Asks: 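Below are the structure tokens for one structure; questions will follow.
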Amino acid sequence: MDKEKNRILSSQSTLSLISEVRNKNKDKINYIGSLSFEDRDLVGIKCILNTEWISSILKHKRIYFNVFYLIDTCTCRKKVIEHKKNITKFLENRDIKSYYFIECDFHNPREVLDKLLEIDGELVVRYTYLDMSTLTRNLGSYLMKAFQYTSGEIIYFEPMEYGKNLSQGLEKKDYFPDLGRNHDPSKEDVLIMFTGHELERAHLLAEDVDPDEVILMVPRGDDTDNHAKWNGHARKVGEELACKLPLRKDSIEIRYTPSHGYQTILCDLGKIITDFPQEKYNISFASMGTKISNLALNTATSTIEGLCVYDAVPENYNVEDYSKGVRIKNPYSFPLRIDDRIKTY
């Protein structure tokens, strides 16, 4: 498929072409995930291929399963190589012949999508499982946007626990693709930040952005028992961050939202955007919380124009102690199509 057709498919701009190609691909399914230094990146494909209906139709050769694993060149370590061997053996034992390992820069999402489309230009018109478990927030958000008219599922597996220091420093402040800053000097700058466990990176980003007002989206205690420990630590980070920011106290506001409740987070985002109308404010976001909050933010920014999202790129990740284990029971699953995600809300 030539570059122009790839561009059209990537932007999802020609619906008639998409419908035509989709009809040719009814018997093909994609899985897109990542191989990293975390244990949970091995789980997604195994759970999907172990489901009864997928196993049955694969056994009878009624579908063609395409597997794409992204590998971040910045964090490729010995553990990634071990995971690659593990997954290769698993896929070959399941007679999956179409699988790819793609080395790329996770902080350059456009390049990642280009590499996927170079391999398979019709990727975005097939039923797709997008596993965001170990993708960066920036890359995960961009792929959700690229596939927002594609039938499929967004899946997410939590770790059993996170390490104490997830990253160090702030290498640079960047933007999510197509969500850069459109600054109007006549308006006040408001930074809305989801807090997680990373105090240093969040603080450095807020100082770099230098907004007039900061809204901290801090997890509250009404999630499941599994999240109580995570939420408690994230609240401490949010409170400490509020104390460290070089702003007047009346310029810092803490709002509470679930860490893993997609519908409520999306509703809370809607309230904030209503409270700070774009006619008066330059609104920007920093996604430093959970992947579920990042999903809700992606839904909001895909449906409301004029919003900015910062990508806080760390100097390095703590690849030796980032997370441990994986919660296999009850993984998160959301519609890939943006219209269906809005209906979910």
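Computed from a predicted structure; not experimentally measured. All values below were derived from every heavy atom in this structure, side-chain atoms included, with hydrogens, water molecules and symmetry-related copies excluded.
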Asks: Would Y31 and Y129 count as a close aromatic pair, with their ring centres under 6.0 Å?
Replies: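 No, too far apart.
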
Asks: With ring pair (Phe, Tyr, Trp, His ring centres under 6.0 Å) as the test, would you mind laying out the steps for Y69 and Y99 before giving the verdict?
Replies: CA-CA 8 Å; Y69 269 109; Y99 59 89; 9.0 Å; no

Asks: Can you confirm whether or not the ring centre of Y310 sits under 6.0 Å from the ring centre of Y175?
Replies: yes

Asks: State yes or no: do Y156 and L336 share one hydrophobic cluster built from I, L, V, M, F, W and Y residues joined by side-chain heavy-atom distances below 4.5 Å, directly or via other members?
Replies: yes

Asks: Side chain of Q278, backbone of E305: donor and acceptor closer than 3.5 Å?
Replies: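 Here the side-chain-to-backbone pair exists.
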
Asks: Can a salt bridge be assigned to the pair D178 and K145 using a cut-off of 4.0 Å between side-chain N and carboxylate O?
Replies: yes

Asks: Quick check: closest heavy atoms across E213 and E253, and the distance to 0.1 Å?
Replies: OE2-OE1, 4.5 Å

Asks: Ignoring hydrogens and geometry, is there a side-chain-to-backbone donor-acceptor pair from T128 to V124 under 3.5 Å?
Replies: no

Asks: I want to check something: taking the side chain as every heavy atom from C-beta on, are D105 and C74 in contact at a cut-off of under 4.5 Å?
Replies: yes

Asks: Do V67 and I71 share a hydrophobic cluster, counting only Ile, Leu, Val, Met, Phe, Trp and Tyr and linking them when any side-chain heavy atoms are less than 4.5 Å apart?
Replies: yes

Asks: Looking at side-chain heavy atoms only, is the closest gap between E240 and K244 below 4.5 Å?
Replies: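 E240 reaches K244 side chain to side chain.
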
Asks: Would you say the side chain of I155 lies within less than 4.5 Å of the side chain of I48, judging by non-hydrogen atoms?
Replies: yes

Asks: Just wondering, do E239 and V218 contact through their side chains at under 4.5 Å, heavy atoms?
Replies: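 In short, these two side chains do not touch, never coming nearer than 4.5 Å.
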
Asks: So, do V209 and K173 sit near enough that their side-chain heavy atoms are less than 4.5 Å apart?
Replies: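 The answer is yes; the side chains approach within 4.5 Å.
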
Asks: I need the E198 CD to L204 CG distance, nearest 0.5 Å.
Replies: 11.0 Å

Asks: Can you tell me how far apart CD (Q148) and CZ (R341) are? Round to the nearest 0.5 Å.
Replies: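 Reported value, rounded in 0.5 Å steps: 7.0 Å.
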
Asks: If only side-chain N and O atoms count, and only distance matters, is there a donor-acceptor pair under 3.5 Å linking E38 with T134?
Replies: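 No, E38 and T134 have no side-chain donor paired with an acceptor closer than 3.5 Å.
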
Asks: Okay, side chain of E200, backbone of G169: is any donor-acceptor separation there less than 3.5 Å?
Replies: yes

Asks: Return yes if some donor-acceptor pair links the side-chain N/O of R337 with the main-chain N/O of S151 below 3.5 Å, else return no.
Replies: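 Checking the backbone N and O of S151 against the side chain of R337, no donor-acceptor pair under 3.5 Å is found.
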
Asks: May I ask you to say whether D95 pairs ionically with K97, meaning some side-chain N is under 4.0 Å from a carboxylate O?
Replies: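 Yes, D95 and K97 are salt-bridged.
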
Asks: Is there a donor-acceptor pair closer than 3.5 Å between any side-chain N or O of T290 and the backbone N or O of S259?
Replies: yes

Asks: Taking the side chain as every heavy atom from C-beta outward, state whether I192 and M217 have any atom pair closer than 4.5 Å.
Replies: yes

Asks: Do the rings of Y317 and F37 sit parallel, tilted or perpendicular, given the 30° and 60° boundaries?
Replies: tilted

Asks: Is the backbone of P177 close enough, under 3.5 Å, to the side chain of R110 for a donor and an acceptor to pair up by distance?
Replies: no

Asks: Validate the cation-pi geometry between K28 and F65: distance from NZ or CZ to the six-membered ring centre under 6.0 Å, angle to the ring axis within 45°.
Replies: no

Asks: List the atom of L42, the atom of I45, and the distance in Å for their closest heavy-atom pair.
Replies: O-CG2, 4.1 Å

Asks: Taking C-beta and beyond as the side chain, do K271 and T257 meet within less than 4.5 Å on heavy atoms?
Replies: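 A side-chain contact is absent here, since even the closest heavy-atom pair is not under 4.5 Å.
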
Asks: Under a plain distance cut-off of 3.5 Å, with no hydrogens placed, do D311 and H107 share a side-chain donor-acceptor pair?
Replies: yes

Asks: Check L247 against P211 and note the closest heavy-atom contact, atom names and distance.
Replies: CD2-O, 3.5 Å

Asks: Which residues satisfy the ring pair (Phe, Tyr, Trp, His ring centres under 6.0 Å) test with H233, sequence neighbours excluded?
Replies: H197

Asks: Side chains of D275 and R255: closer than 4.5 Å at any heavy-atom pair?
Replies: yes

Asks: If you take all heavy atoms of N294 and S141, which pair is closest and at what distance?
Replies: ND2-CB, 4.1 Å

Asks: Using 4.0 Å as the upper bound for N to carboxylate O, is an ion pair formed by D39 and K79?
Replies: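 The answer is yes: the pair qualifies as a salt bridge.
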
Asks: Who passes salt bridge (charged side-chain N to carboxylate O under 4.0 Å, His left out) against K172, sequence neighbours left out?
Replies: D174

Asks: List in chain and number order the residues that pass salt bridge (charged side-chain N to carboxylate O under 4.0 Å, His left out) with K291, two or more places apart in sequence or in another chain; answer none if no residue qualifies.
Replies: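 With sequence neighbours excluded, K291 shows a salt bridge (charged side-chain N to carboxylate O under 4.0 Å, His left out) to no residue whatsoever.
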
Asks: To the nearest 0.5 Å, what is the distance between CZ on F334 and CG on D340?
Replies: 13.5 Å

